[in-house]
Amino acid sequence: MEGSNEKFKPQKILIATDGSEASEKAADFGIETLRFEGAKVYAVYVIDTGSYGSVPVDEKKFKKIERLEEIGHKATSYVEKKATAAGMKVESIVLKGNPAEEIVDFAEEQRVDMIVVGSLGKSGIKRFMLGSVSEKVVRRAKIPVLVVREQKEIKLRAATPP
């Protein structure tokens, strides 16, 4: 597109969600910004199975994953409602595995044009311990990634005269 006057109009957009307020705001921003006629949104939630990988399947583990699937469907339904209201086609998907890897792999399989993710903006030890899904997606993806950072509310007080 170098030297071209054509605007980038992604037709397949993956919006990753974890059900958090930050991911809902990312979905809102992504849908509003990338709303193009004929565009399709993939609302994707990934159940992080990393901590369950070597644990044998038992009733407790099964119930936990079942509950996470319910959470995933609720999270993707938010994106689905917003995209539908914006006149976009939408498909909701709940995947299992490493979140960043699953998001990027799904995007490649579906030939998605752009990925939208939210970021909590963690820093220091929290970021080191948890890792950053959005950062890992940016590093692995071969397509544009829109990272929507969480906005902290700033309360302004009017100055009162002395």
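Because only heavy atoms are used, hydrogens play no part in the values below, and waters and symmetry mates are left out as well, while side chains stay in.
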Answer whether the closest heavy-atom distance between the side chains of [X] and [Y] falls below 4.5 Å.
X	Y	answer
E21	K25	yes
V133	I103	yes
T84	M88	no
L95	Y45	no
Y78	T17	no

Heavy atoms only: give me the nearest [X]-[Y] pair and the separation to one decimal.
X	Y	answer
Q110	K12	O-NZ, 2.9 Å
E24	G19	OE2-O, 4.0 Å
S134	G118	CB-O, 3.8 Å
D48	P99	CG-CD, 3.7 Å
I15	I31	CD1-CG1, 3.6 Å

Could you go through the side-chain contact (heavy atoms from CB on, under 4.5 Å) check for I47 and V94 one step at a time?
CA-CA 7 Å; I47 298 170; V94 175; 3.9 Å; yes
Yes or no on side-chain contact (heavy atoms from CB on, under 4.5 Å) for L14 and M114, after CA distance, side-chain angles and deciding distance?
CA-CA 6 Å; L14 185 156; M114 180 170 238; over 6 Å; no
Does [X] reach the main-chain N or O of [Y] with its side chain, forming a donor-acceptor pair under 3.5 Å?
X	Y	value
S23	S20	yes
D113	Q11	yes
T76	H73	yes

Separation of [Y] [atom2] from [X] [atom1] (nearest 0.5 Å):
X	Y	atom1	atom2	value
I71	E66	CD1	CD	11.5 Å
K9	F36	NZ	CZ	6.5 Å
K136	S132	NZ	OG	7.5 Å

Output yes when E69 and K96 qualify as a salt bridge under the 4.0 Å nitrogen-oxygen rule, no when they do not.
yes
Is the shortest side-chain N to carboxylate O distance from R35 to E32 below 4.0 Å?
yes
Walk me through it: do K74 and E70 pass the test side-chain contact (heavy atoms from CB on, under 4.5 Å)?
CA-CA 6 Å; K74 182 178 178 188; E70 290 173 17; over 6 Å; no
V117 and side chain to side chain contact (heavy atoms under 4.5 Å, CB included): which single residue from V44, D18, V145 fits?
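That would be V145; it is the only one of V44, D18, V145 passing the side chain to side chain contact (heavy atoms under 4.5 Å, CB included) with V117.
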Residues pairing under salt bridge (charged side-chain N to carboxylate O under 4.0 Å, His left out) where one sits in residues 83-92, two or more places apart or in two chains, turn out to be K40-E91
Please report the C-alpha distance between I115 and Y42 in whole Å, then the side-chain angles of each, then the deciding distance to 0.1 Å, and finally whether the side-chain contact (heavy atoms from CB on, under 4.5 Å) criterion is met.
CA-CA 9 Å; I115 299 171; Y42 293 97; over 6 Å; no
